[in-house]
Amino acid sequence: MKLYSAPGFTSLADHIAMLEAGIQFDVVKVDIETKQTEWGGRYIDINPKGYVPALVFDER
Ligand SMILES: N[C@@H](CCC(=O)N[C@@H](CS)C(=O)NCC(=O)O)C(=O)O
C-alpha cells in the first residue's frame, strides 16, 4: 500500500495513524505546489483532485 503524503499537511494524521496501527506501507511524498511526486510522476494521475492524502492499494 502507498500513502501519498505531503509534509506539514493533513496527510500527516493518516501517516501517524497507520504507523500506530502497525500497517505496512510506503510513503510517497507529494509536492503540493507542483503536483509532482518525489518519484517524478504527476500526482493528478493518482488523485485527479490533487489533494493529499491518497491511498493506493497493492494489486492482487
Ligand atoms: N480529504 C479531502 C481534503 C484533503 C485536503 O484538503 N488536502 C489538502 C491538504 S490539507 C490538499 O491536498 N491541498 C492541496 C491543494 O490545495 O492544492 C479530500 O481528499 O477531498
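Read the numbers this way: they start at 1 and go in the same order the structure lists the ligands and their atoms.
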Could you list, one pair per line, each nitrogen or oxygen of ligand 1 together with any protein nitrogen or oxygen closer than 3.5 Å, giving atom names and the distance rounded to 0.1 Å?
{"unit_1": "ligand 1", "atom_1": "7 (N)", "unit_2": "Val52", "atom_2": "O", "d": "2.9"}
{"unit_1": "ligand 1", "atom_1": "12 (O)", "unit_2": "Val52", "atom_2": "N", "d": "2.8"}
{"unit_1": "ligand 1", "atom_1": "17 (O)", "unit_2": "Lys35", "atom_2": "NZ", "d": "2.6"}
{"unit_1": "ligand 1", "atom_1": "20 (O)", "unit_2": "Lys49", "atom_2": "NZ", "d": "2.5"}

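Within a 6.0 Å radius of NZ in Lys29, other residues, nucleotides and ligands contribute 12 heavy atoms or fewer. More than 12 heavy atoms of other residues, nucleotides or ligands lie within 6.0 Å of CZ in Phe25, so this atom counts as buried by the packing criterion.
For the pair Asp31 (side chain) and Gln36 (backbone), a donor-acceptor distance under 3.5 Å is absent.
Cluster note: Ile44 groups with no other residue, as no ILVMFWY side-chain heavy atom lies under 4.5 Å from it.
Under the 4.5 Å side-chain heavy-atom criterion for ILVMFWY residues, no single connected hydrophobic cluster contains both Ile32 and Leu3.
By the 4.5 Å heavy-atom criterion applied to side chains, Tyr4 and Glu38 are not counted as neighbours.
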